[in-house]
There are 2 protein chains.
Amino acid sequence: MARNIQSLERAAAMLRLLAGGERRLGLSDIASSLGLAKGTAHGILRTLQHEGFVEQDDTSGRYQLGAELLRLGTTYLDVHELRARALVWTDDLARSSGESVHLGVLHQQGVLIVHHVFRPDDSRQVLEIGAMQPLHSTALGKVLAAYDPVAHSEVLEGERKAFTERTVCAATDFEGVLDITRARGYAADVEETWEGVASIAAPIHDRRRMPVGAVGVTGAVERLCRDGELRPELIAAVRDCARAVSRDLGAGRF
Amino acid sequence: MARNIQSLERAAAMLRLLAGGERRLGLSDIASSLGLAKGTAHGILRTLQHEGFVEQDDTSGRYQLGAELLRLGTTYLDVHELRARALVWTDDLARSSGESVHLGVLHQQGVLIVHHVFRPDDSRQVLEIGAMQPLHSTALGKVLAAYDPVAHSEVLEGERKAFTERTVCAATDFEGVLDITRARGYAADVEETWEGVASIAAPIHDRRRMPVGAVGVTGAVERLCRDGELRPELIAAVRDCARAVSRDLGAGRF
DNA sequence: GTCCATCGGTCGACATTGTCGAACGCTTAC
DNA sequence: GTAAGCGTTCGACAATGTCGACCGATGGAC
C-alpha cells in the first residue's frame, strides 16, 4: 500500500473543488468535474456531510463547505507555535508603524496568512487570516521564496502572473529580485500586486535557522514611501519585529 | 452502500482527535485512540498529510493539523451568506453599543462563532471566529435553543455544565428560561458562562422565517447592566440589528 | 556505552470495502 | 403534458483499504 487512500484523495479534491467554485455545486457537477460516477460522488459527499465538512442546501440540494472546517481551521491557528510567539510582536509593529501587519507561512504555491493585525485606526477592514497571497509579487512571498528552498522551487516552477504593470514575471529578473532580497534581508512590493498598495516583509527563522515564515506591513504606497523610496524607519521596524519573533522561537542564541 | 465510507469517517475522527488534543500526537497514540492498526492509521495520516490536512513535525515525527484546514475554513466564511449580510449591521451595532459583537450559528452541540467585531476601543482582544460556545449558558446559545428545534433537542439531550454558580442547569428551569426568551424575543447571559461577563442576543430568521443564527453583544457586566438590570437601549440595539439582518435575508416582507 | 522499549514506517495476503452503472422518484422548465 | 435534469438508492463485482508482523532508528535508563 505505497499509494495513498483513494477515497480520501477524492474527498479532498471535492473539498477543494467546493472551495474554488464561487457558489454551491450540484452533485452532477461535482461528479463530472472529478470524473466519478454519481453514486460514488454521492457516497463521499454523504459521509463528508455527516462529518460536518460539507453542508447541503435543503431546497436546491446543492453542496457547499461545512462549518466543521472553520472549527478545525481555527484549532490549527491555536496550536500554531509561530503565530503564538508572534502575537505580541506583530501588535507592537502595527502600533509603531501605524499600518496593518501580516504574518504568513508557505503553503502549497502561495503564502498563507496566519495572522493579521488591523491598521490601528477606525477604518473598516476585512480580516485576511486564512487567505492566500502569491509568492512572486508580494513582500511576504518574496521573502519566503528567497529564504525557503521549497518556496523557491515552487515559485520558479509555477506560473507568475502579472497583476500590475510593475509585477516582475521573467525568471531571470525574478532571481535578481531574490538576490537583492537576500542581500538586504528584507523584501518589498511597491504596486506589484495591487495598484496603490505597498508592503515590506522580513524573514522569521526557527531555532535551527530554518525559515519558517515572514512578517510584514502593508499599506497605501503614499504612506509607506517618501520621496519615491520606502521609509527606512518602517524597514527597520519590520526587521526588528522579525528578529524578535525569531529570537522568541529560539533562533537568537549568539 | 447505505453506510458511510469507513476510511473517511476514520480520517475525520483523526482530525477531530488532533483538534482536541492540546499538542501534537504520535502515530501510536492516534492508532490506539481510534482502535486501529498502526499500518491503517499511517495510511490515512499519510494521505491527509499529502493533502495538507495534517502536518508532521520533522524531528519528533508527531502529527498536528495542517494549513489546508485554515484555508478551507476561511473559504467557508467567504461563502457564508448570513455572515456576508450581517457584516455591516454588526459593525454598526459595535459602534453604537461600544461592545464587541458576535454572530453565531448552530453547529453540533454548540454555537459556532462565524463573525466577531471587536469592541471599538484600543484594548487588546483575541479574535473568536471559529470558536464554540455552549448552548445552555450563553445568550447566543439560548436564542438558538429557544427558536431552533434542532438546537433545542441538542441542548436538552446534552450535558449542561455549570460554569459559574449562576448557570441554569436543571432541565425544567432551563425550559423556563427558553420560554422567557421566546416571550421577550431576546436572551441574556449575566455571569452564567464567565464571571464578570454578560451578553445579550437576538435571533436572525431567513426568508422562510426559519432561525438561522443569532447576533449579540458581549461585555463586562458593569457596562451592560445598570441598577442590576440590562440596559434597555442595548437590548433594543441588538434586536434592531437582528431584525435588520433578517430583513436583509428576505424575512421582512410585511 | 549498552541495552531495551518504543517510536514511525513498510510490506504482502486477505476479504472487506468502496466503486460503478442502471434505475428510481421527484422537481423544474418548456 | 411531456421531457430533461436533479439527487438518491441499489446490488454485483473486484479493486481497494485493512490488518498484523516486521524493519531500522531513536532515545532513556542504568
Side-chain angles (χ1 to χ4, degrees), chain A residues 1-18 21-66 79 206-208 210 250, chain B residues 1-18 21-66 79 206-208 210 250:
Chain A
M1 197 180 60
R3 287 226 313 285
N4 285 336
I5 293 181
Q6 188 187 51
S7 54
L8 269 183
E9 285 182 328
R10 289 173 168 178
M14 273 185 202
L15 292 178
R16 233 167 267 129
L17 184 68
L18 287 171
E22 284 301 305
R23 67 190 187 295
R24 302 183 244 260
L25 293 175
L27 171 63
S28 302
D29 299 332
I30 297 172
S32 64
S33 295
L34 273 58
L36 298 176
K38 277 202 298 181
T40 305
H42 180 253
I44 296 174
L45 280 169
R46 172 159 33 82
T47 309
L48 287 174
Q49 180 183 14
H50 183 254
E51 301 293 338
F53 291 99
V54 307
E55 293 170 0
Q56 187 175 23
D57 191 58
D58 287 335
T59 58
S60 68
R62 288 214 177 87
Y63 293 92
Q64 62 176 29
L65 293 182
V79 299
D206 67 1
R207 58 182 66 82
R208 293 187 306 277
M210 297 296 292
Chain B
M1 198 181 59
R3 288 226 312 284
N4 285 336
I5 293 182
Q6 189 187 48
S7 54
L8 268 182
E9 286 182 328
R10 289 174 168 177
M14 273 186 202
L15 292 178
R16 231 166 268 131
L17 184 68
L18 287 171
E22 285 301 304
R23 69 193 183 295
R24 301 183 246 261
L25 294 175
L27 171 63
S28 302
D29 298 333
I30 297 172
S32 64
S33 294
L34 272 59
L36 299 176
K38 278 202 297 181
T40 304
H42 179 254
I44 296 174
L45 280 169
R46 172 159 33 82
T47 308
L48 286 175
Q49 180 183 13
H50 183 255
E51 301 293 338
F53 291 99
V54 307
E55 294 170 0
Q56 188 174 23
D57 191 58
D58 288 335
T59 59
S60 68
R62 287 213 179 87
Y63 294 91
Q64 63 176 29
L65 294 182
V79 300
D206 67 2
R207 58 183 64 85
R208 292 187 307 275
M210 297 296 293

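A note on names: the letters A, B, ... follow the listed sequences, proteins ahead of strands, and every chain is numbered from 1.
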Residue-phosphate contact under 4.0 Å: [X] side-chain N/O, [N] OP1/OP2:
| X | N | result |
| --- | --- | --- |
| B:Thr40 | D:dG17 | no |
| B:Arg24 | C:dG8 | no |
| B:Arg46 | C:dG8 | no |
| B:Ser7 | D:dG17 | no |
| A:Arg10 | D:dG17 | no |
| B:Tyr63 | C:dC7 | no |
| A:His42 | D:dG7 | no |

Residue [X], side-chain atoms from C-beta onward, closest of [options]:
| X | options | answer |
| --- | --- | --- |
| B:Gln6 | D:dG7, C:dT17, D:dG20 | C:dT17 |
| A:Ile5 | D:dG17, C:dC20, D:dT9 | D:dG17 |
| B:Leu36 | C:dC20, C:dG8, D:dC19 | D:dC19 |
| A:Gln56 | C:dT19, D:dT8, C:dC7 | D:dT8 |

Exercise for the section: Let me know the distance between CD1 of B:Ile44 and P of D:dT16, rounded to the nearest Å. Expected result: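 Result: 16 Å.
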Practice task
Please answer whether the main-chain N or O of B:Leu34 pairs with a side-chain N or O of B:Arg10 as donor and acceptor at a distance below 3.5 Å.
Solution key: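 It does not hold such a pair.
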Exercise for the section: Record whether the side chain of A:Lys38 comes under 3.5 Å of the base of C:dG21 through a donor-acceptor pair of N or O atoms. Expected result: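 For A:Lys38, whose side chain was compared with the base of C:dG21, there is no donor-acceptor pair (under 3.5 Å).
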Handout entry: Summary of protein contacts for nucleotides 25-30 of chain C, nucleotide by nucleotide, where a base hit scores B, a sugar-phosphate-only hit scores S (4.0 Å, heavy atoms)
Key = ------
Practice task
Identify, between B:Ala37 and A:Gly61, the residue whose nearest nucleotide on DNA chain D lies closer to the 5' end.
Solution key: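 The answer here is A:Gly61.
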Handout entry: Nearest-Å distance once atom P is located in both D:dG11 and D:dA15
Key =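 One P to the other, the span is 22 Å.
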Handout entry: Touch class at under 4.0 angstrom, heavy-atom based, for A:Arg62 against every strand present
Key =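 Contact class for A:Arg62: none.
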